[in-house]
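The next block holds one structure in the form of structure tokens; read it before the comments.
Values reported hereafter were calculated over all heavy atoms of this structure, with side chains retained and with hydrogens, waters and symmetry mates removed. Because the structure is a prediction, the values reported are computed rather than measured.
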Amino acid sequence: MAGVPLDQLDGDIWFNGEFVDWGDAQVHVLTHGLHYASSVFEGERAYGGEIFELTKHTERLHKSAELLGFEIPWSVEEIDNACKETLKRQGLSNAYVRPVAWRGSEMMGVSAQHNKINLAIAVWDWPSYFDPEEKMKGIRLDIAEWKRPDPSTIPCKSKAAGLYMICTLSKHAAEAKGYADALMFDYRGQVAEATGANVFFTKDGVIHTPTPDCFLDGITRQTVIGLAKARQLEVIERAIMPDEMADFEECFITGSAAEVTPVSEIGPYNFAPGKISQAMIEDYEKAVTPA
């Protein structure tokens, strides 16, 4: 897929209840979701023909829309089935799945109560979010200038398009310096997350991860915590200050796109991908592989 614009891929996209040719899945330039970010989405992966934690993702999509003040006119079951059918129709067994819902173009302005709610589902081949060779030795993260906002200022539990603007800015700035991604602090100066993934650290055999009180509690994050506890590893969710990173041994990030990716460097702090990171990679691979 390298070098091919996403709007020029082949296949079909599920669009408001029917399949349309990939190139015909278009919206008007005056769509409210484009101008005012009234859009929510999910990022999912299929392994061996099955979409991992599909229903959890769809339930979160519904909740995200609710937090943005609109209702998706398809049930969780209907969206689940549409995702499965789109995957099948694309002829892929290992793929990335992107449902997205948005307010249409019936009204333009901040107020848009009467706009139609649209839903589309696209599936394409996206093997690895990070370079495979770099991933295995641990990726390098910059420290972002932008911070995760106070939850009283944004709907932080919604996977909403507008909340990713500072993520794009942060990742672009990091890549311009030669990093793979960036770590974001929150409005209090505490460690929060990477631009599209949650973060974990280890010390003396214990896993530490920031409490997700102003950013998404990722579905992959929840899965990895469960896998760690199944190994009898202690997982502590707590506030983590930046200077604590000097004393951590391992670091890895998690997300549907990132899966489990070790980190070797965050700004001035260095880590050595080790046994716990490797165990989480292996356990996650087993968890997502259909029986």
Between Leu61 and Glu44, does a side-chain contact (heavy atoms from CB on, under 4.5 Å) hold up when you go through it step by step?
CA-CA 11 Å; Leu61 183 72; Glu44 307 162 9; over 6 Å; no

Passes side-chain contact (heavy atoms from CB on, under 4.5 Å), Phe252 versus Ile281? Steps please.
CA-CA 10 Å; Phe252 56 90; Ile281 290 172; over 6 Å; no

Would Ile139 and Ile253 count as a side-chain contact (heavy atoms from CB on, under 4.5 Å) here? Give the steps.
CA-CA 10 Å; Ile139 62 171; Ile253 60 173; 3.9 Å; yes

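A continuous path of Ile, Leu, Val, Met, Phe, Trp and Tyr side chains, each step under 4.5 Å between heavy atoms, connects Ile121 with Phe70, placing both in one hydrophobic cluster. Tyr96 and Ile219 are not part of a single hydrophobic cluster, where members link through side-chain heavy atoms under 4.5 Å apart. Criterion: ILVMFWY side-chain heavy atoms under 4.5 Å apart, direct or through other members. Under it, Phe215 and Phe185 are not part of a common hydrophobic cluster.
Of the possible donor and acceptor atoms, none in the side chain of His35 sits under 3.5 Å from a partner among the backbone N and O of Gly109. Distance alone, capped at 3.5 Å, is enough to place a donor-acceptor pair between the Asn94 side chain and the Gly48 backbone. Side chain of Arg98 to backbone of Glu42: a donor-acceptor contact under 3.5 angstrom is found. One N or O on the side chain of Ser75 and one on the backbone of Glu78 form a donor-acceptor pair closer than 3.5 Å. Distance alone, capped at 3.5 Å, places no donor-acceptor pair between the Glu106 side chain and the His114 backbone. Here the side chain of Asp181 pairs no donor or acceptor atom with the backbone of Leu141 at under 3.5 angstrom. Remark: the backbone N or O of Ala257 is paired with a side-chain donor or acceptor of Arg45 at under 3.5 angstrom. Put simply, the side chain of Trp22 gets close to the backbone of Leu6: a donor and an acceptor are under 3.5 Å apart. Judged purely by atom type and a 3.5 angstrom limit, Thr220 uses its side chain to pair as donor or acceptor with the backbone of Ser256.
Looking at heavy atoms from C-beta onward, Leu183 lies in side-chain contact with Met245 at the 4.5 angstrom threshold. No side-chain heavy atom of Tyr47 sits less than 4.5 Å from a side-chain heavy atom of Glu285. In this structure the side chain of Arg188 reaches within 4.5 angstrom of the side chain of Cys214, judged on heavy atoms. Counting heavy atoms from C-beta outward, Pro151 and Asp213 have side chains that stay 4.5 Å or more apart. A 4.5 Å side-chain heavy-atom check between Gln190 and Ile240 finds every atom pair outside the cut-off. Looking at heavy atoms from C-beta onward, Ile51 lies in side-chain contact with Leu87 at the 4.5 angstrom threshold. Annotation: side chain of His28 is in contact with side chain of Thr31 (closest heavy-atom distance under 4.5 Å). The shortest side-chain heavy-atom distance between Phe271 and Ile266 falls under the 4.5 Å cut-off.
Residue Met165 qualifies as open at atom CE: its count of foreign heavy atoms under 6.0 Å is 12 or below. Other residues, nucleotides and ligands contribute more than 12 heavy atoms inside 6.0 Å of the NZ atom of Lys157. Within 6.0 Å of CH2 on Trp146 lie no more than 12 heavy atoms contributed by other residues, nucleotides or ligands.
Atom-to-atom distance recorded for Asn16:CG and Trp74:CH2 is 4.0 Å, nearest 0.5 angstrom. Note that CG of Asp247 and NZ of Lys203 are 4.5 Å apart. Values are rounded to the nearest 0.5 Å. Between the CD atom in Glu59 and the OG atom in Ser64 there is a gap of 12.0 Å [rounded to 0.5 Å]. With rounding to the nearest 0.5 angstrom, the CG atom of Leu163 is 6.0 Å from the CZ atom of Arg148. The structure places CD1 of Ile154 at 11.0 Å from CG of Leu67, a figure rounded to the nearest 0.5 Å. Distance check, rounded to the nearest 0.5 Å: CH2 of Trp102 to CG of Leu119 gives 7.0 Å.
Side chains of Thr261 and Glu259: no donor on one and acceptor on the other come within 3.5 Å. Remark: the Asn198 side chain and the Thr254 side chain contain no N/O donor-acceptor pair separated by less than 3.5 Å. Between the side chains of Asp150 and Ser152, at least one donor N or O lies within less than 3.5 Å of an accepting N or O.
The minimum heavy-atom distance between Asp142 and Ala174, with the atom names listed, is CB-CB, 3.7 Å. What you find for Ile13 and Ala120 is that their closest heavy atoms are CG2-CB, 4.3 Å. Among all heavy-atom pairs drawn from Leu68 and Ser158, the shortest one is CD1-OG, 3.3 Å.
Evaluation of the side-chain hydrogen bond (donor to acceptor under 3.5 Å, both in side chains) test over residues 81-91, restricted to residues two or more places apart or in two chains, returns Asp12-Arg89.
With sequence neighbours excluded, the residues forming a side chain to side chain donor-acceptor pair (under 3.5 Å) with Ser277 are Glu250, listed by chain and number. In terms of the salt bridge (charged side-chain N to carboxylate O under 4.0 Å, His left out) criterion, Glu282 has no residue partners (sequence neighbours excluded). Shown here are the ring-ring contact (aromatic ring centres under 6.0 Å, His included) partners of Phe248, two or more places apart in sequence or in another chain: Phe201, His208. Take Glu66 and apply the salt bridge (charged side-chain N to carboxylate O under 4.0 Å, His left out) test, not counting sequence neighbours, and it matches Lys63. Legend: residues meeting side chain to side chain donor-acceptor pair (under 3.5 Å) with Glu244, ordered by chain and number and at least two apart, are Arg238.
Between Arg221 and the choices Glu237, Glu193, Glu53, the salt bridge (charged side-chain N to carboxylate O under 4.0 Å, His left out) rule is met once, by Glu237.
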